[in-house]
Structure formats: structure tokens, C-alpha cells
2 protein chains.
Amino acid sequence: MSVGKINQERREEILSAALDLAESDGLAAVSLRAIGARVGLTPMALYGYFANKDELLDWLVGRVLREVPPPDPEASWRERLLACARGARAAAHRYPRTFPLLLTRPVVLPEAMRVVDPLYEALLDAGIPDERVAGWERMFSTFVLGFAVSEVSGRFGEGNLGTKERRDRLGPGELPAHHRLGEALDLPVDWDAEFEEGLARLVAMVEEEGARAG
Amino acid sequence: MSVGKINQERREEILSAALDLAESDGLAAVSLRAIGARVGLTPMALYGYFANKDELLDWLVGRVLREVPPPDPEASWRERLLACARGARAAAHRYPRTFPLLLTRPVVLPEAMRVVDPLYEALLDAGIPDERVAGWERMFSTFVLGFAVSEVSGRFGEGNLGTKERRDRLGPGELPAHHRLGEALDLPVDWDAEFEEGLARLVAMVEEEGARAG
DNA sequence: ACCTGAACACCGTTCAAGT
DNA sequence: ACCTGAACACCGTTCAAGT
């Protein structure tokens with residue numbers, strides 16, 4: 001309680017320690033005891049800064065979101081949209097083990113709104129009607145977060161085990177398309193290009209709807 | 001070890017208990033002790049069926065994926081694509097608390113390949129060239145999973161706390177677009193329509209590339 | 001305002017043992 | 001092949017107490 005008087009610097013220090021810990025040892029290693037040890041406090045002292053571990057993780061999401069820089073307001077809506085998307089993906093690359101928290105945890109933080117606001121602004125400037133802006137933002141951020149999380153958490157399955165061996169354990173009768181495609185599935189993936197391609201398609205759709213409406 | 005001889009029925013029973021538990025009490029409540037209690041086993045007995053808790057969760061993902069029905073092979077590629085997407089979202093609605101596991105955990109399971117194979121098939125039938133199929137599948141499943149997870153885990157923030165109150169804690173100076181949009185942000189969301197719209201756009205893009213290439 | 005120490009009810013996992 | 005019981009090194013959280 002009495003939120004206003006709490007030592008903000010110490011809170012930042014705690015969150016940085018949690019972030020370091022998550023990145024070096026994984027999210028599972030983020031315990032109040034381990035964080036406390038890093039900043040020289042007992043685990044119970046942390047309850048002076050956060051109501052509980054869940055709230056600490058919400059603050060951690062905010063900590064990551066703060067590193068997504070706002071776009072240059074002088075730039076075109078198109079450039080601003082691209083900058084937001086690339087900034088978010090860059091944060092995912094910087095904090096690959098922490099970033100998946102963004103998709104799992106509901107975002108009710110001021111930091112989230114500060115990241116979303118320039119998106120709204122850009123969509124409005126593109127000519128999207130008021131009542132369609134929120135929906136476009138959801139589509140946009142779902143793509144960016146979904147892609148970034150999938151990429152950094154290895155959901156697409158590069159390297160866990162050769163795709164080939166896994167494929168061969170189920171015969172062509174069970175996975176006809178996999179076998180028809182053969183080596184085409186083992187081509188190296190250019191994540192940057194794939195992200196940019198999806199992004200360009202989204203921006204083109206925004207432009208089209210904006211032009212049609214405006 | 002000696003994987004072949006293990007009692008498969010019992011394993012299914014264990015996974016169903018884990019799924020029930022996750023849905024009734026949340027993912028955090030899924031412990032080996034709690035699962036064991038539900039099926040009348042000590043937690044240690046579970047190690048006869050799964051190498052560890054992590055592997056159990058992988059099997060749980062497989063359990064959920066098995067409920068995404070394969071599309072009717074007689075249908076058009078377009079209808080098959082739609083059916084896969086809707087089937088996956090339906091599973092998310094059926095298991096809202098378990099489903100987020102799909103995005104976090106790398107999918108290296110035979111069940112995942114069985115779900116993906118019809119997608120490859122449909123993309124090939126749409127005329128997508130071999131080397132582009134995997135990329136399109138990633139785009140498609142990122143949209144479907146990203147949307148479904150965001151929707152069921154409440155990432156879009158309906159109900160956690162009125163959007164209005166949160167907005168007003170930061171002034172119009174900090175969130176200009178939020179304030180410009182005003183009540184347009186508080187409109188009720190039609191998730192079905194929004195999902196279908198995004199889906200239709202994706203399918204249209206597939207069709208266009210397929211026609212251009214074929 | 002900030003921090004500690006002891007305690008409680010949990011975890012996953014290992015090991016030795018039983019049938 | 002399948003299961004148990006005791007033990008180990010952890011958790012988050014509450015409470016009473018200290019400065």
C-alpha cells in the first residue's frame with residue numbers, strides 16, 4: 001500500500017534482476033528467492049514492492065514493453081507502423097526467454113497503452129475509420145507478437161530434432177503432403193524476410209482499406 | 001524405457017485427468033501430485049509413463065491437437081483451410097486454459113504433424129510452389145494460434161478493468177490517439193467476425209499467389 | 001517505510017525397495 | 001511391468017516482529 005512513497009529505484013533494480021535471471025536461466029528460474037538473492041534482499045522484502053509474484057511478472061512485461069521505442073512522429077504512417085513492428089520484434093530478440101510472457105499475460109499496463117497509442121495514431125492517419133482502428137490494431141499486434149514469440153521460442157521446430165527423422169517415423173501414408181514436399185521442408189528459413197513479407201502484406205491491406213474509406 | 005509395453009489406456013487416463021485439472025483449476029494447478037490423486041496413483045508412479053513433467057505437458061499438447069479434426073479430403077482447398085483454422089479455434093474455446101501451451105512449447109509431436117499435413121496439402125492444391133508452402137503454413141498457423149490464444153487468455157483486455165478507467169489514468173497528453181478515439185474503443189467486439197475476416201484475407205492472399213504461380 | 005526469520009503448505013525429482 | 005514411501009532441495013505466501 002501507500003504506493004506513492006515506495007523506492008522506485010529499488011523496484012527497477014529488482015525488475016532488472018528478474019529480467020537478467022529469466023534470460024540467463026529461463027523463466028522457470030525466476031523465483032522470489034532467486035531475485036532476492038541477486039539484489040541482496042530476503043524474498044519477503046519483495047512484497048513491499050509487489051503484491052505477489054503475479055504482479056511482479058506484470059511489471060516485468062511492462063519493463064520489456066518500455067524498451068519498444070515510440071516511432072518518429074514526423075514519419076509517414078506507413079513508416080511508423082513498420083517501426084513499431086520491428087521494435088517489438090527486436091525486443092523479442094533481446095529478451096527471447098521473457099518475451100513469451102507478453103502473449104500469455106493479459107496486458108492491462110500503462111506501458112502497453114503507450115506502445116499501442118502510436119499504432120492507433122498511424123492507423124487513423126492511414127484513413128482507417130474510428131470504429132475499425134481497434135480491430136486492425138489487434139490483427140497487427142497478433143501478427144507481430146505471434147510471429148516473434150513463435151520465432152524466439154522455437155515453436156517452428158528448427159533444431160529440436162531433425163525434421164527429417166521425425167517425418168520418417170510416420171510413413172507417407174500418414175503424412176502424404178510432408179513426403180510429397182520432401183526436401184522443400186528442410187530449406188533454411190530467412191526469418192527477417194518472412195517477417196517483412198507478412199508485415200508488408202498487412203500494411204498493404206491497411207492502405208487499401210484506408211484509401212477506400214477515406 | 002521399453003516404451004512399447006506401457007499401458008496406453010492408463011496413459012490416456014492420466015492425460016485426461018491433467019486436462020480436466022488444467023481447465024477446472026488452471027495450468028498452475030497441474031502438478032504431478034494433483035494428477036496422481038485424480039487417477040489414484042502416487043506422483044512417482046507417473047514417471048513410468050512420462051520422463052518428467054515437461055514431457056507430460058508435451059503429451060498434453062498432443063492430446064489437445066488430436067481434437068482438431070482433419071478436414072474432409074473431398075472439399076476444396078479453400079474449404080479445407082477454413083476447416084482447419086476453425087477446428088483449431090474451436091479447440092481453444094474447448095480448452096481455454098490449456099491451449100496457450102501450444103504457442104509456448106515447441107511442437108515436435110506426431111500429432112502436430114498430423115494437423116499440419118492437411119494444411120500443406122491444401123496449400124499445394126491452391127497452387128503454392130513447394131518451396132513456399134512451409135512459409136505460408138507458418139503464417140497461417142501463427143495467425144490462427146495467435147488469435148485464438150489472445151482471445152481465450154484475455155490478452156485483449158476485455159473485463160480485467162474497464163478500458164475507460166485505465167485510459168483516464170494517463171492523460172490525453174500521454175495517450176492522444178486513445179482519447180481521440182474515445183468511445184470507439186469501447187465498442188463490443190465480435191470475435192467470430194474478426195477471426196473470419198482475418199481468415200478470409202489470408203485465404204485470398206493464398207489464392208492470389210497460387211493463381212500467379214500456377 | 002522497509003526489512004527479517006520462522007513457519008506452512010506446497011512443488012519436481014531421486015533413490016531404494018517392493019510385487 | 002508397475003507401483004510405493006521416504007527424503008532432498010526447492011517453491012509462494014502469511015505472520016509476528018524489528019528499525
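This structure is a prediction, so every number in the text was calculated from the model and none was measured. Naming convention: chains lettered A, B, ... in sequence-line order (proteins, then strands); numbering from 1 in each chain.
Under the Watson-Crick or G-U wobble criterion, with both distances below 3.5 Å, D/dT13 is paired with C/dA7. Remark: C/dC2 base-pairs with D/dG18. Criterion, Watson-Crick or G-U wobble with two distances under 3.5 Å.
Interatomic distance, CD of A/Glu194 versus CZ of A/Phe156, reported as 7.0 Å (0.5 Å rounding). Atoms CG and CZ, on B/Leu60 and B/Phe50 in that order, are 9.0 Å from each other to the nearest 0.5 Å.
Here the separation of C/dC2 from D/dA17, taken at their P atoms, is 22 Å to the nearest Å.
Out of D/dT13, C/dT13, D/dT4, the shortest distance to the side chain of A/Asn52 is found at D/dT13. Proximity note for B/Tyr49 (side chain, C-beta onward) versus C/dC2, D/dT4, D/dC2: the nearest is D/dC2. Among D/dG12, D/dC3, C/dG12, the nucleotide with an atom closest to any side-chain atom of A/Arg33 is D/dG12. When the nucleotides D/dT13, C/dT4, C/dT14 are ranked by their closest atom to the side chain of B/Met44, C/dT14 comes out on top.
Following rounding to the nearest Å, A/Glu13 (CD) and C/dC2 (P) show an atom-to-atom distance of 13 Å. B/Leu56 places its CG atom 15 Å from the C1' atom of C/dC11, with the value rounded to the nearest Å. Rounded to whole angstrom, the span from the CG atom of B/Leu46 across to the C1' atom of D/dT4 amounts to 12 Å. Rounded to whole Å, the distance from CD1 on A/Ile14 to P on C/dC3 is 7 Å. A straight line from CZ of B/Arg11 to C1' of D/dC3 spans 16 Å, rounded to a whole angstrom. For the pair B/Leu32 CG and C/dT13 P, the computed distance is 6 Å after rounding to whole Å. C/dC3 atom P lies 15 Å from atom CD1 of A/Ile35, rounded to whole Å.
Between A/Arg94 and A/Glu23 there is no salt bridge, since no side-chain N of the basic residue sits under 4.0 Å from a carboxylate O of the acidic one. For the pair A/Glu121 and A/Arg80, the salt-bridge criterion is not met [side-chain N within less than 4.0 Å of a carboxylate O].
If you check the side chains of A/Arg97 and A/Ser24, you find no donor sitting under 3.5 Å from an acceptor.
Among the heavy atoms of the strands, none lies under 4.0 Å from A/Phe50.
Taking only side-chain nitrogens and oxygens, A/Tyr47 never comes nearer than 4.0 Å to OP1 or OP2 of C/dC3. Between A/Ser31 and D/dC11, a side-chain N or O to OP1/OP2 separation shorter than 4.0 Å is present. Remark: B/Arg10 is in phosphate contact with D/dC3, judged by side-chain N or O atoms under 4.0 Å from OP1 or OP2.
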